[in-house]
Amino acid sequence: MADENWKPKIIAIICNWCSYAGADLAGGARIQYPPDIRAIRVMCTGRIDPLFILKAFQDGADGVLVSGCHFGDCHYLEGNFKAAKRMFLLKSVLKNIGLDDKRLRMTFVSASEGAKWGSVMTDVIKTINELGPSPLKEFAR
Amino acid sequence: MAEVKKNEEPRIGVFVCHCGTNIAGSIDVKAVMEYARTLPNVIVADDYQYMCSTPGQNKIAEAIAEQKLTGVVVAACSPRLHEPTFRNATKAGGLNPFRFEMANIREQNSWVHMHQPEEATAKAKDAVRIAVAKASLLEDLVPKSVPVEKAAMVVGGGVGGMQAALDLANAGIKTYLVEKSPTIGGRMSQLDKTFPTLDCSQCILTPKMVDVYRNEGIELLTYTEVEAVEGYIGNFDVTLRKKARGVITPAEAEARGIVGGGCTGCGDCVDVCPVIKPNPFELGMAPRKAVYIYHPQVSPLIYTVDFDACVKCGLCVEACGEKKAIDLEMKDELMTVKVGTVVLATGYDIFPIEKKFEWGYKNYDNVITSLEFERLICASGPTGGHLIRPSDGATPKRVAFVLCAGSRDNTGVGKPYCSRFCCMYSLKHAHQIIEKIPGVVPYIFYMDIRSFGKMYEEFYYRIQDEGAKFIRGRVANILEDPVTKNLHVNAEDTLLGRPIDMEVDLVVLAAAIEPSAETEKTRRLFGVSCSQDGWLLEAHPKLNPCGTTTAGVYLAGVCQGPKDIPDTVAQAEGAASAASIPIHRGEVELEPYFAQCMEEKCAGCGLCVNQCPYGALALVEKDGRTVMQVTEAKCKGCGTCGGFCPGGAIWMQHFATPQIVAQIDAFLLGGEQ
């Protein structure tokens, strides 16, 4: 699929207390990053059902980012640990179905790490650009 | 489960905010608004300069009434800023406030893509589409009201914590003041004088300590640490560890049936104690015994046994005699108290300035920190107020003050922030030595003098007139003359543009400050975030500097960021006021993001029960089969159970699976492919 106009479609599912706040802080500091990621807010990364992520890939997402609090900082004590365990499982599922597991990333960005959010955004978009369009895209819909 | 109106045709209103030029500067707001009109279920779309203003909010309320909307989307700033505002506007229009969804097109769009207007506009359209998809599926929710315990806790007994406790108690609230050390007073009790008024620190602090001790509304818990925290705003169950003090108070003695016993603060035990160790209150510059008080003005005036040093010889028990105040077999005790709100005032420590090895602290005898200077110049300090050179006890005639020692330091060793009070106390130090030592010359090495407070600039001029020498330049290194123990301060005088090598008798480093050692542990117990440098994170830097993102927990003083005494006291009063509001209201509303079990789908496997960190889920027998049941009072709405249920049987209110899937689909399948 050598489409020159291709732009990656990346979805980020991020927690309200740390990563969403960190993303807001990046805005307050006017840290500039590429605009290819759309964020969905949940209260905790623990809320993220692995099926959400598989659904996103089924819908043709080129990449999925999950971002929560640092370990030990979770607003709900341990939701991010549980999310991380699920992401490990999911990565092996993705590999098994022939999808590069780099298309799924979990990061930990705190409410004070605006600059880190900017570099995570830049890096995720760079990774997905290098990987190219998701092979599942043509089956979407 | 909350009421879901079946077969209700969604009617969504979309409102796009310009936010002056904050959003409109890089996003084509009109195009986003026109695009919203093309989306399914959208009945009305509008834009306005400032949606959060009264006319903006009125637009929302009017549209709800006129168009019989079932959901509202506002594309503006972050929901973390204005979600409550627009929920109120939604409510004013006669709709349940939880039928509102926000699209963040400012913090996470226009501000971070300032030079890419086309991409930013496309992203804003996507954000609106995602929000409309969710708003179409939102349901009525009712916040849960919970009663608030009529008691508060203050953690930290420095001047900020004391002020907060006094205010809360004087407002009629039972207040627990928890302090880890054996006395209240904090850092301020180690200071000699305070700028710019030159009040003696102890003279203004001690009466406050007595007020705290005598206040009937305050339960003073010194030598006590927070062990565990459970619950939420209104109902915190805090477990405290009362460390074994080895000495009982008169009240405790009475409880044990010892008539007229308990510690009276006479100090007979100190005279016989054979163990000597450095006194941390004097920063190790004076000795203390294994049974001790920090300083004569401690409150409460109760001795403490340092069990790390005590050899349990029992001489003190004999000396105490009939009072029977000393119990060398005492063990730590745990106690649990229930409070409605909490104020954290955990203060600061001095940055270990020996890490800046070029200044030779701890290598050279005559390089001291400003806090050591405070003790040496203090009349009740180890030298009785005579400033001496530690190497030979001589009176210094040339004293260099090195400002920004470890502060405003981007080398990675020190701290990048300004510690905010070092300029002013160094000016005060210069004044104090001029006053006490005839012929002394203070040399102040500074980057900028930051004298920003009331009467501070005037104080700066006064110290200039008194003869202090100001040298604008950062000190590169300090070298010791091994014979005389004098110090050579090397710096560049940036005003004259030439290097200088100045020989002085004493160097005082105005060391940076950092969060106290207990701050990290305490903040994790209470679930409070911290900023990059470890200071506790306020809910909003400007609009909510005393609050935190954990409802019911407030911040006072330096634990939130460097500040001087007036600012600490002011913030403590603010935090006390904020902490008293829920208590005086008597109840608080919790966001109704509860998990609900859809019993028809629940297989009763119980996997969710172990996922819940709060023990809110349980399996129950119902109509002859096992299903899960949620205790709403315990559920905090994280949704970890909902992310795990293999049968999809858990309905997370406001973050339900169909709502999130609709958002994913709207982004990836909706819009232009």
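Naming: A, B, ... by sequence-line order, numbering from 1 per chain.
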**Fill in**
Comparing H70(A), R41(A), K116(A) against chain B, the one with the most heavy-atom pairs below 4.5 Å turns out to be R41(A)

**Message:** Which atoms of R106(B) are under 4.5 Å from chain A, going by heavy atoms: the side chain, the backbone, both sets, or neither?
**Reply:** neither

**Asked** Do R80(B) and Y20(A) touch side chain to side chain, with heavy atoms closer than 4.5 Å?
**Response** yes

**Asked** Tell me, side chain or backbone of I53(A) under 4.5 Å from chain B's heavy atoms, or both, or neither?
**Response** neither

**Asked** For I48(A), is it the side chain, the backbone, both or neither that has a heavy atom under 4.5 Å from a heavy atom of chain B?
**Response** backbone

**Value rounded to 0.5 Å, distance of CE in M114(B) from CZ in R30(A)** = 5.5 Å

**Request:** Give the member of P613(B), C645(B), A127(B) that has the highest number of heavy-atom pairs under 4.5 Å with chain A.
**Result:** P613(B)

**Prompt:** L77(A) versus chain B, heavy atoms under 4.5 Å apart: side chain, backbone, both or neither?
**Reply:** both

**Message:** Can you tell me if E230(B) has over 12 outside heavy atoms packed within less than 6.0 Å of its CD?
**Reply:** no

**Asked** Going from SG on C44(A) to CE on M652(B), what distance comes out if it is rounded to the nearest 0.5 angstrom?
**Response** 10.0 Å

**Prompt:** Hey, which of H75(A), E113(A), R86(A) has the most heavy atom pairs under 4.5 Å with chain B?
**Reply:** R86(A)

**Complete:** Ranked by heavy-atom pairs below 4.5 Å to chain B, first place among L25(A), I10(A), T45(A), I13(A) goes to I10(A)

**Message:** Ignoring hydrogens, what is the shortest heavy-atom contact between K82(A) and N610(B)? Give both atom names and the distance.
**Reply:** NZ-O, 4.1 Å

**Asked** Side chain, backbone, both or neither: which part of I664(B) has an atom under 4.5 Å from a heavy atom of chain A?
**Response** both

**Item:** Atom group of H654(B) that falls short of 4.5 Å from chain A, counting heavy atoms
**Value:** neither

**Request:** Kindly indicate whether the side chain of N104(B), heavy atoms from C-beta on, has any atom under 4.5 Å from the side chain of D24(A).
**Result:** yes

**Item:** Side chains of R47(A) and T640(B) in contact at under 4.5 Å (non-hydrogen atoms)
**Value:** no

**Request:** Say whether, by atom type as modelled, one donor and one acceptor occur between the side chain of H113(B) and the main chain of Y33(A) under 3.5 angstrom.
**Result:** yes

**Item:** Leading residue by heavy atom contact count with chain B [cutoff under 4.5 Å; candidates M43(A), K55(A), Q32(A)]
**Value:** Q32(A)

**Request:** Locate the shortest heavy-atom distance separating S112(A) from C530(B); write the atom from each residue and the value.
**Result:** OG-O, 3.4 Å

**Request:** Could you tell me which portion of T657(B) (side chain, backbone, both or neither) has an atom closer than 4.5 angstrom to a non-hydrogen atom of chain A?
**Result:** both

**Asked** Between R524(B), Q532(B), K123(B), R523(B), which residue shows the highest count of heavy-atom pairs closer than 4.5 Å to chain A?
**Response** K123(B)

**Request:** Would you indicate whether K7(A), at its atom NZ, is surrounded by more than 12 heavy atoms from other residues, nucleotides or ligands within a distance under 6.0 Å?
**Result:** no

**Message:** Counting only non-hydrogen atoms closer than 4.5 Å, does A124(B) touch chain A with its backbone (N, CA, C, O), its side chain (CB onward), both, or neither?
**Reply:** neither

**Prompt:** Between V661(B), D665(B), I130(B), which has the largest tally of heavy atom pairs under 4.5 Å with chain A?
**Reply:** D665(B)

**Message:** Tell me which of these, C18(A), A61(A), G60(A), A115(A), has more heavy-atom pairs under 4.5 Å with chain B than the rest.
**Reply:** A61(A)

**Message:** Counting only heavy atoms not in K102(A) (residues, nucleotides, ligands), do more than 12 fall under 6.0 Å from its NZ?
**Reply:** no

**Asked** At a heavy-atom separation under 4.5 Å, does C77(B) approach chain A through its side chain, its backbone, both, or neither?
**Response** neither

**Message:** Please give me the minimum heavy-atom distance between P50(A) and G643(B), naming the atom from each residue.
**Reply:** CD-O, 3.6 Å

**Message:** I need the minimum non-hydrogen distance between C638(B) and Y76(A), along with the two atoms involved.
**Reply:** CB-CG, 3.1 Å

**Asked** Is it the backbone or the side chain of D36(A) that comes under 4.5 Å from a heavy atom of chain B, or both, or neither?
**Response** neither

**Fill in**
Distance col, row Q108(B):CD vs I14(A):CD1, nearest 0.5 angstrom, shows 5.0 Å

**Prompt:** So, the side chain of E78(A) versus the backbone of C612(B): is there a donor-acceptor pair under 3.5 Å, distance only?
**Reply:** no

**Item:** Gap between atom CZ of F644(B) and atom CG of D49(A) - 0.5 Å precision
**Value:** 10.0 Å

**Request:** Mind ranking I660(B), L537(B), L81(B) by heavy-atom pairs under 4.5 Å with chain A and telling me who comes out on top?
**Result:** I660(B)

**Request:** Find the one option among G72(A), A83(A), A111(A) whose heavy-atom pairs under 4.5 Å with chain B are most numerous.
**Result:** G72(A)

**Asked** Do other residues, nucleotides or ligands put more than 12 heavy atoms under 6.0 Å from F71(A) CZ?
**Response** yes

**Message:** With a 4.5 angstrom heavy-atom cut-off, is it the side chain or the backbone of A21(A) that approaches chain B, or both, or neither?
**Reply:** both

**Request:** State, with a plain yes or no, whether a side-chain heavy atom of L668(B) is found less than 4.5 Å away from one of K137(A).
**Result:** no

**Message:** Counting only non-hydrogen atoms closer than 4.5 Å, does Q116(B) touch chain A with its backbone (N, CA, C, O), its side chain (CB onward), both, or neither?
**Reply:** side chain

